Visitor: 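Got a structure for you, written out below as structure tokens; questions coming shortly.
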Amino acid sequence: MTRVSKGDPLGADFFDRPTLEVTRDLLGKNLCCRSAGQGRKIIRLRLTELEAYDGPDDKACHAHRGKTPRNAIMFGPPGYWYVYLCYGVHWLLNIVVGPEDYPAAVLIRGAGDIEGPGRLTRALGIDKSHNHLPAHKKSGLWIEENGLAVPENEITRTPRIGIDSVGQPWAKKPYRMVWHPE
DNA sequence: TAAGTGATCTCT
DNA sequence: GAGATCACTTAA
């Protein structure tokens with residue numbers, strides 16, 4: 001993996017690894033968002049809550065029934081945002097991971113002091129205009145190294161939220177990771 | 001605890 | 001085209 005220093009965007013190859021590994025390593029990284037309004041200020045938030053959606057066999061993964069116009073981005077190269085509207089109300093933010101043609105993504109559920117995937121996107125003004133943007137370089141939305149090492153004992157793993165209907169064993173896999181900073 | 005909300009997908 | 005589904009949030 002390419003070495004990146006504090007403040008640099010994570011390289012595309014950071015995301016080109018096994019889904020759970022990328023999810024684990026994303027905890028504590030900075031989610032960076034260039035606001036669209038006046039001033040174009042950059043907001044930086046540490047990633048605290050993530051969920052892995054891992055490939056065609058994962059029944060909770062949008063791509064488990066094959067490629068559709070919506071989820072096609074997941075079949076593409078890693079390091080790109082996958083943004084979609086949930087329940088007609090909330091934009092949900094994911095990043096595509098793993099090799100091309102392997103549909104996997106990491107859902108960003110919380111960052112900084114914002115908890116909840118729909119709240120996060122609302123707070124940052126993220127919507128479909130961010131879909132397909134690169135996360136591995138300074139676009140309107142990207143992820144930066146910040147030099148933090150998140151220790152295992154500050155990470156909690158739980159089943160993913162809101163996917164009970166997919167049945168076992170996928171509904172109970174501990175693919176949700178939450179960082180509780182000391 | 002239940003409703004709001006609308007794109008997306010799977011059938012006709 | 002119609003109907004079911006849905007990785008959520010809020011107010012009650």
Side-chain angles (χ1 to χ4, degrees), chain A residues 14-15 17-29 31 33 36 43 45-135 140-143 155-180:
Chain A
F14 178 95
F15 303 100
R17 296 182 294 143
T19 310
L20 292 174
E21 205 173 303
V22 175
T23 308
R24 162 67 177 83
D25 290 348
L26 277 173
L27 287 172
K29 298 289 189 278
L31 174 66
C33 181
I43 300 166
L45 299 171
R46 297 185 301 186
L47 293 173
T48 57
E49 184 180 351
L50 305 167
E51 278 179 7
Y53 288 86
D54 189 20
D57 296 332
D58 180 355
K59 285 195 179 170
C61 180
H62 279 175
H64 89 276
R65 285 188 209 244
K67 193 189 278 190
T68 69
R70 181 177 68 162
N71 67 29
I73 181 75
M74 295 176 77
F75 291 79
Y80 290 85
W81 297 113
Y82 168 39
V83 184
Y84 74 96
L85 188 61
C86 180
Y87 297 108
V89 184
H90 306 285
W91 295 102
L92 264 58
L93 177 64
N94 305 248
I95 181 162
V96 176
V97 303
E100 194 156 354
D101 291 326
Y102 183 82
V106 176
L107 170 67
I108 299 184
R109 298 188 56 91
D113 55 1
I114 305 169
E115 293 180 15
R119 289 171 159 189
L120 178 75
T121 53
R122 194 181 62 182
L124 295 179
I126 292 167
D127 60 23
K128 67 171 185 277
S129 72
H130 296 81
N131 200 18
H132 296 204
L133 284 182
L141 186 65
W142 70 99
I143 299 178
I155 298 175
T156 303
R157 287 159 214 255
T158 80
R160 293 168 290 185
I161 307 295
I163 57 153
D164 289 343
S165 62
V166 304
Q168 304 302 346
W170 298 103
K172 70 177 180 195
K173 292 217 178 252
Y175 282 5
R176 172 169 174 256
M177 301 188 196
V178 187
W179 176 35
H180 298 102

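Just so you know, these numbers use all the heavy atoms, side chains as well, and skip hydrogens, waters and symmetry mates. In this text the structure is predicted, and so the values were computed from the model without any measurement. We name chains A, B, ... by the order of the sequence lines, and we start the count at 1 in each one.
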Visitor: Need the pair for B/dT5. Rule: Watson-Crick or G-U wobble, both distances under 3.5 Å, any strand; none if unpaired.
Guide: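 Matched B/dT5 with nothing under the 3.5 Å cut-off.
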Visitor: Between C/dA7, C/dC6, C/dC8, which one does the side chain of A/Ile163 approach most closely?
Guide: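 Of the candidates, C/dA7 comes closest.
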Visitor: Between A/Asp164 (CG) and C/dC8 (P), how many Å, whole number?
Guide: 10 Å
Visitor: Does a side-chain N or O of A/His90 approach OP1 or OP2 of B/dT5 to a distance below 4.0 Å, or not?
Guide: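 For B/dT5, OP1/OP2 do not have a side-chain N/O of A/His90 under 4.0 Å.
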Visitor: Counting only Watson-Crick or G-U wobble pairs whose two distances fall under 3.5 Å, which nucleotide matches C/dA7?
Guide: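 By the stated definition (distances under 3.5 Å), nothing pairs with C/dA7.
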Visitor: In whole Å, what is the span from the CH2 atom of A/Trp91 to the C1' atom of C/dC8?
Guide: 14 Å
Visitor: Let me know the distance between CG of A/Leu92 and P of B/dT8, rounded to the nearest Å.
Guide: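 From A/Leu92 CG to B/dT8 P: 14 Å.
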Visitor: Identify which nucleotide among B/dC9, C/dC8, C/dA7 has an atom closest to any side-chain atom of A/Arg70, counting heavy atoms from C-beta outward.
Guide: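 Closest nucleotide among those given: B/dC9.
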Visitor: Where the side chain of A/Val89 is concerned, which of B/dG4, C/dA7, B/dA7 is the nearest nucleotide?
Guide: B/dG4
Visitor: Within this structure, what is the CZ-to-C1' distance between A/Arg109 and C/dT9, rounded to whole angstrom?
Guide: 12 Å
Visitor: Please give me the minimum heavy-atom distance between A/Ala111 and A/Leu45, naming the atom from each residue.
Guide: CB-CB, 3.8 Å
Visitor: Is any side-chain N or O of A/Thr68 closer than 4.0 Å to OP1 or OP2 of B/dC9?
Guide: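 For B/dC9, OP1 or OP2 has a side-chain N or O of A/Thr68 closer than 4.0 Å.
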Visitor: Among the candidates C/dT10, B/dC9, C/dC8, find the nucleotide nearest to the side-chain atoms of A/Pro117.
Guide: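 Between C/dT10, B/dC9, C/dC8, the one nearest the side chain of A/Pro117 would be C/dC8.
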Visitor: Looking only at side-chain N and O atoms, does A/Arg176 come under 4.0 Å of OP1 or OP2 in C/dA7?
Guide: no
Visitor: Which of the following nucleotides, C/dT10, C/dA7, B/dA7, is nearest to the side chain of A/Arg119?
Guide: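 The listed nucleotide nearest to A/Arg119's side chain is C/dT10.
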Visitor: Would you say that more than 12 heavy atoms from the other residues, nucleotides or ligands in this model lie under 6.0 Å from the CZ of A/Arg24, or not?
Guide: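 Above 12, so yes.
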Visitor: In whole angstrom, give the distance that lies between atom CD1 of A/Ile161 and atom P of C/dC6.
Guide: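 Spelled out: CD1 on A/Ile161 to P on C/dC6 is 16 Å.
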Visitor: Between C/dA7 atom P and A/Leu120 atom CG, what is the distance in whole Å?
Guide: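 After rounding, the reported distance stands at 18 Å.
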Visitor: Heavy atoms under 4.0 Å, any strand shown: does A/Leu107 hit a base, just sugar-phosphate, or nothing?
Guide: base
Visitor: Would you mind telling me which of C/dA7, B/dC9, C/dT10 lies closest to the side-chain atoms of A/Arg122?
Guide: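 Nearest to the side chain of A/Arg122 among the choices is C/dT10.
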Visitor: Of the nucleotides B/dT5, B/dA7, C/dT10, which has the atom closest to the A/Tyr87 side chain?
Guide: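 Ranking B/dT5, B/dA7, C/dT10 by closest atom to the A/Tyr87 side chain puts B/dT5 first.
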Visitor: Spell out, as yes or no, whether a donor-acceptor pair under 3.5 Å connects the side chain of A/Lys29 to the backbone of A/Asp25.
Guide: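 Side chain of A/Lys29 to backbone of A/Asp25: a pair is present.
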Visitor: What closest approach, in Å, do A/Leu20 and A/Ala52 show between heavy atoms, and which atom pair accounts for it?
Guide: CD2-CB, 3.6 Å
Visitor: Looking at A/Trp91, is its backbone amide N or carbonyl O close enough to the side chain of A/Thr121 to form a donor-acceptor pair, meaning the two atoms are under 3.5 Å apart?
Guide: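 Indeed, once roles are kept as given, a pair shorter than 3.5 Å links the two residues.
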Visitor: May I ask whether A/Tyr84 stacks on the base of B/dA7, given the cut-offs of 5.5 Å between ring centres and 30° between planes?
Guide: no
Visitor: Of the options B/dT10, C/dC8, B/dC9, whose atoms approach the side-chain atoms of A/Arg65 most closely?
Guide: B/dT10
Visitor: To the nearest Å, give me how far apart CG (A/Asp54) and C1' (C/dA7) are.
Guide: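 A/Asp54 atom CG is separated from C/dA7 atom C1' by 15 Å.
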Visitor: OG1/A/Thr48 to CZ/A/Arg109 distance, rounded to the nearest 0.5 angstrom?
Guide: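 A/Thr48 OG1 to A/Arg109 CZ: 10.5 Å, rounded to 0.5 Å.
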Visitor: From C/dC6, C/dC8, C/dA7, pick the nucleotide closest to the side chain of A/Met74?
Guide: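 The listed nucleotide nearest to A/Met74's side chain is C/dA7.
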Visitor: Rounded to whole Å, how long is the line connecting atom CG of A/Asn71 with atom P of C/dA7?
Guide: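 In whole Å, C/dA7 P lies 12 Å from A/Asn71 CG.
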